[in-house]
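Take a look at the structure set out below.
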Amino acid sequence: MTLEQKLDRRQARLAVIGLGYVGLPLAIEFARAGFTVYGIDVDGGKVAQLKKGRSYVGDVASADVARAVKEGRFIPTTDFAVLRKADTVNICVPTPLNKTKDPDVSYIVAAADEVARHLKKGQLVILESTTYPGTTDELILPRLTARGMTVGRDFFLAFSPERVDPGNAVYQTRNIPKVVGGVTARCTKMACLLYAQTLETVIPVSSTRVAEMVKLLENTFRSVNIGLANETALLCDRLGIDVWEVIDAAATKPFGFMPFYPGPGLGGHCIPIDPFYLSWKAKLSGFEARFIELAGQINGHMPEHVVRRVVQALNQRGRAVKGSRILVLGVSYKANIEDTRESPSLDLIELLEELGARVEYSDPHVPRLDFHGRKRRSVTLTAAALKRFECVVISTNHAEFDYREVLKNAPAIVDTRNALKGKKSPKITRL
Ligand SMILES: NC(=O)c1ccc[n+]([C@@H]2O[C@H](COP(=O)([O-])OP(=O)(O)OC[C@H]3O[C@@H](n4cnc5c(N)ncnc54)[C@H](O)[C@@H]3O)[C@@H](O)[C@H]2O)c1
């Protein structure tokens, strides 16, 4: 049976490498469509949880994992040898930055080496990790062709950026359009065929480089526009203008304007990191990506700006930061999810503790946090708890927060998210 036939009949065996925020929802979606899916991860703890039917990703229900495991459609494992049985392989491993803010592609390379070791004729390999244009061609292709197989004939290789938005109730893996670019036209066709089995919309593009660049443009667009919103907030502060009111009014324009909002800084695994994959690649070609660097600087300084606000709020009450008790509301990088990676709230905690503050946090999505040398527990937001603090900083706007209680009981509030929109009180210091 050809790969096309196996995919059409949902008889292909699929493999997903890297079962995190991206790989796990994809694997479960493939299993839901009727495929048998091998889920491979180097983290034995995660694999053990999945085998027991437990999900550790907010957007994936444990019941769905349990059902897929029980029915034998999802097989979590740490053993890469299952790749020999797979007709397709999706690589969803992390792409962080290293200490010098350069791309760390070691996870991609490690995964690609495993795929190369087990590559078989007719296999389709797709990279989904966000990375710089050229990665699929330069890092993966040579590894797969090293043993004499020809791409587009003996095996197929494509890049398809993942656009998942954790916590988004409307757009999830299945209904987010999927961009696909293969090394050859046949590679694109095969990859599109795979995704078309389970995703609503598939958008072929002419090459892997185009597909890689699409994702980086999307994330750079967000980073730059958030940078503009943050700079506008700093400017409006100088001019004595309410930036939130300005943005809301500008957003009434039915065309040509899209609202972005200021905040305590960028967080998550994508927006603060991905644009630097692009600027790194640009530098290699002698091109300086100035917007990216500038947005990175502005966004990166926002936690310090929030700390200044905390200093002002305490100052008004005749207090120093040193020795003050400060409660940070929300430590995940955005509302209503549990992911704390690169969260600006962590920068805030660190900066405030360096100034001698005694910082605690409250986050219904993050009951425990091991950070800045301390194992911490989320504070439950009661009237008594709120009164223990000299200042409360709203850093992430979770739906669970009862701001009426905060407003009633906290002595001072720094609101970085306009969570107290329309509320007037001398207690409130806005971003
Ligand atoms: N999280 C998001 O919202 C999001 C959105 C779009 C794109 N992305 C991109 O998708 C990629 C994956 O991100 P994520 O958030 O799912 O990361 P993650 O850290 O949640 O998951 C990655 C998983 O890969 C595993 N892993 C690492 N090396 C491995 C290897 N060699 N073999 C097998 N497994 C390995 C890790 O143990 C982990 O479970 C990144 O490139 C990221 O930029 C993430």
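Remember, it's 1-based here, ligands and their atoms both numbered in the order they're listed.
- Heavy atoms of other residues, nucleotides or ligands lying less than 6.0 angstrom from CZ of Phe257 number more than 12.
- Of all the atoms in ligand 1, the ones that sit under 4.0 Å from a non-hydrogen atom of Cys92 are 12 (C), 22 (C).
- Residues Val359 and Leu348 are not in side-chain contact: their nearest non-hydrogen atoms beyond the backbone lie 4.5 Å or more apart.
- Comparing Pro25, Gly44, Pro94 against atom 27 (C) of ligand 1, the shortest heavy-atom distance belongs to Pro94.
- Using cut-offs of 30° and 60° for the angle between ring planes, the His365 and His398 rings count as tilted.
- In terms of protein heavy-atom proximity, atom 11 (C) of ligand 1 is closest to Val93 O, 3.4 Å.
- Taking a cut-off of under 4.0 Å to the non-hydrogen atoms of Thr95, the atoms of ligand 1 that pass are 40 (C), 41 (O), 43 (O).
- Ion pairing between Glu29 and Arg32 holds under the 4.0 Å rule for side-chain N and carboxylate O.
- Phe30 and Phe35 have perpendicular rings, their planes meeting at more than 60° on a 0 to 90° scale where under 30° would count as parallel.
- Counting protein heavy atoms only, atom 30 (C) of ligand 1 is closest to Val42 CG1, 3.7 Å.
- The Ile17 neighbourhood of ligand 1 comprises atoms 32 (N), 33 (C), with distances under 4.0 Å to a heavy atom of that residue.
- Looking at Thr232 and Ile247, their side chains never come closer than 4.5 Å, going by heavy atoms from C-beta outward.
- Considering each of Val115, Ile108, Asp113, Asp41, the one bringing a non-hydrogen atom nearest atom 39 (O) of ligand 1 is Asp41.
- Of the N or O atoms in Asp43, none lie within a sub-3.5 Å distance of an N or O in ligand 1.
- An N or O contact shorter than 3.5 Å links Lys46 to ligand 1 by distance.
- Residue Pro166 approaches ligand 1 through these ligand atoms, each under 4.0 Å from one of its heavy atoms: 3 (O).
- For atom 24 (O) of ligand 1, the closest heavy atom belonging to the protein is Gly18 CA, 3.3 Å.
- When only interatomic distances are considered, the shortest N/O to N/O separation between Glu128 and ligand 1 does not fall below 3.5 Å.
- Closest to atom 9 (C) of ligand 1 among all protein heavy atoms lies Thr130 OG1, 3.4 Å.
- Taking CD of Glu360 as the reference point, atom CD1 of Ile326 lies at 11.0 Å (rounded to 0.5 Å).
- Residues Pro177 and Arg163 have side chains in contact (heavy-atom distance under 4.5 Å, counting atoms from C-beta outward).
- Annotation: atom 1 (N) of ligand 1 to nearest protein heavy atom, Tyr21 CB, 3.5 Å.
- Looking only at heavy atoms of the protein, atom 4 (C) of ligand 1 is closest to Cys270 SG, 3.4 Å.
- Not one N or O of Glu162 is nearer than 3.5 Å to an N or O of ligand 1, by distance alone.
- Nearest protein heavy-atom neighbour of atom 8 (N) of ligand 1: Val22 CG2, 3.5 Å.
- Inter-residue side-chain proximity for Cys236 and Trp244 is flagged as unmet; no heavy-atom pair is nearer than 4.5 Å.
- The proximity of Lys215 to ligand 1, defined as any non-hydrogen pair under 4.0 Å, is limited to the side chain.
- Between atom 13 (O) of ligand 1 and the options Arg163, His269, Glu218, the minimum heavy-atom separation is to His269.
- At the top of the distance list for atom 21 (O) of ligand 1, counting protein heavy atoms only, stands Gly20 CA, 3.1 Å.
- A salt bridge links Asp237 with Arg309: the closest approach of a Lys/Arg side-chain nitrogen to an acidic carboxylate oxygen falls below 4.0 angstrom.
- Of the possible donor and acceptor atoms, none in the side chain of Thr208 sits under 3.5 Å from a partner among the backbone N and O of Phe159.
- Judged by distance alone, the side chain of Thr396 and the main-chain N or O of Ser332 form a donor-acceptor pair under 3.5 Å.
- Only side-chain heavy atoms of Phe80 come within less than 4.0 Å of ligand 1; its backbone N, CA, C and O stay farther off.
- Between the side chain of Asp363 and the main chain of Val331, a donor-acceptor pair closer than 3.5 Å is present.
- Interface atoms of ligand 1 facing Arg341, defined by a heavy-atom separation under 4.0 Å, are 1 (N), 15 (O), 17 (O), 18 (P), 19 (O), 20 (O).
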